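Working notes, structure below.
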Amino acid sequence: MRLLALTAAVLLARAPAPEICGALNVTVSPGPVVDYLEGENATLLCHISQKRRKDSLLAVRWFFTRPDSQEALMIKITKLRVVQYYGNFSHSTYRQRLRLLEERPGALYRLSILTVRPADQGHYVCKVQEISKHRNKWTAWSNGSSEMEMRVISLKASEDSSFDKKKATWAFFEDLYVYAVLVCCVGILSVLLFTLTIIWQSVFSKRKSRARHYLVKCPQNSQRLLRKT
Ligand SMILES: *[C@@H]1O[C@H](CO)[C@@H](O)[C@H](O)[C@H]1NC(C)=O
Ligand SMILES: *[C@@H]1O[C@H](CO)[C@@H](O)[C@H](O)[C@H]1NC(C)=O
Ligand SMILES: *[C@@H]1O[C@H](CO)[C@@H](O)[C@H](O)[C@H]1NC(C)=O
Ligand SMILES: *[C@@H]1O[C@H](CO)[C@@H](O)[C@H](O)[C@H]1NC(C)=O
């Protein structure tokens, strides 16, 4: 009985403290994988729905991971719409290329990465926390996250591949050229052969007919010739 009362008391004491539950529906787009050409501007959107409280605010953080490194916090937009940069991303070279904007309060946040570089390739995670003031303290009510992969196609690589394509087409036409020459040669040869046969045949038949002509026209001549010999 005592134990029950104790647990009840503990539960009651705990009850006012809000629980964090992953009820926020967070999705990123485009995804799950998006390709950008080096130098293009990338736009990553973080959509949020199913807030638990009307008066709550959102803290949105974007994290970045490369296959060979740990997840790093890049940028955060706080409840007061202040944008903060973290770690390497606070360097001016990154700062100028990274923008985080609240498109629709509590629903849509846009991360822009201007003139993407091959080094920007990796996984991007949007993590959202729903917070509100509870008894004069900022308290998290729910959270959620979603990730996507960004691939950056290096211009050099794409140039190489187009060069390869050109080479392949050229090789194909070279093959076609050799084939055409071969066909032409065979054609010319057969025409020559045909002409030769015709010439030979006509010459042969002329001789034959001439011989026949002699035999028919002057049988005496031949007889005379025979007698002389
Ligand atoms: C989460 O939100 C997306 C759009 O933002 C919607 O397509 C999806 O159905 C939602 N998921 C749930 C479980 O409500
Ligand atoms: C990228 O965005 C910047 C700033 O908004 C703009 O000046 C630039 O023209 C954009 N570049 C491309 C390739 O769209
Ligand atoms: C930050 O920069 C340092 C040195 O330039 C590098 O070693 C480290 O991997 C970078 N971290 C991230 C998360 O890019
Ligand atoms: C959400 O909150 C729970 C409890 O604090 C935590 O374990 C979890 O990692 C959080 N998830 C995100 C996406 O922040």
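Just so you know, ligand 1 is whichever comes first in the structure, and atom 1 is the first atom listed for that ligand. Predicted, not measured: the structure shown is a model, and the values here were computed from it.
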Should you measure from each heavy atom of [X], which atoms of ligand 1 turn up under 4.0 Å away?
| X | value |
| --- | --- |
| Thr27 | 5 (O) |
| Asn25 | 1 (C), 2 (O), 3 (C), 8 (C), 10 (C), 11 (N), 12 (C), 14 (O) |
| Gln50 | 12 (C), 14 (O) |

Short question: side chain of [X], backbone of [Y] - any donor-acceptor pair under 3.5 Å?
| X | Y | result |
| --- | --- | --- |
| Thr195 | Val191 | yes |
| Arg151 | Asp35 | no |
| Gln121 | Val152 | yes |

Query - Name of the residue among His134, Gln129, Glu130 meeting side-chain hydrogen bond (donor to acceptor under 3.5 Å, both in side chains) with Ser56 - result: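 Among the candidates, only Glu130 passes.
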Report task. Measure from NZ or CZ of Lys127 to the centre of the six-membered ring of Phe63 and say whether it is under 6.0 Å with the direction within 45° of the ring axis. Result -> yes
Query raised in the report: Are a donor atom and an acceptor atom from the side chains of Ser132 and Asp55 found within less than 3.5 Å of each other?
Result: no
Which N or O atoms of ligand 2 sit under 3.5 Å from a protein N or O, and how far apart is each pair?
| unit_1 | atom_1 | unit_2 | atom_2 | d |
| --- | --- | --- | --- | --- |
| ligand 2 | 2 (O) | Asn41 | ND2 | 2.2 |
| ligand 2 | 11 (N) | Asn41 | ND2 | 3.0 |
| ligand 2 | 14 (O) | Asn41 | ND2 | 3.4 |

**Report entry** Short N or O distance, His47 and ligand 1, threshold 3.5 Å exclusive
**Finding:** no
Query raised in the report: Parallel, tilted or perpendicular: which fits the ring planes of Phe64 and Tyr124, with parallel below 30° and perpendicular above 60°?
Result: tilted
Report summary line: The complete set of disulfide (SG to SG under 2.5 Å) pairs with one or both residues in residues 58-93, sequence neighbours excluded, reads none
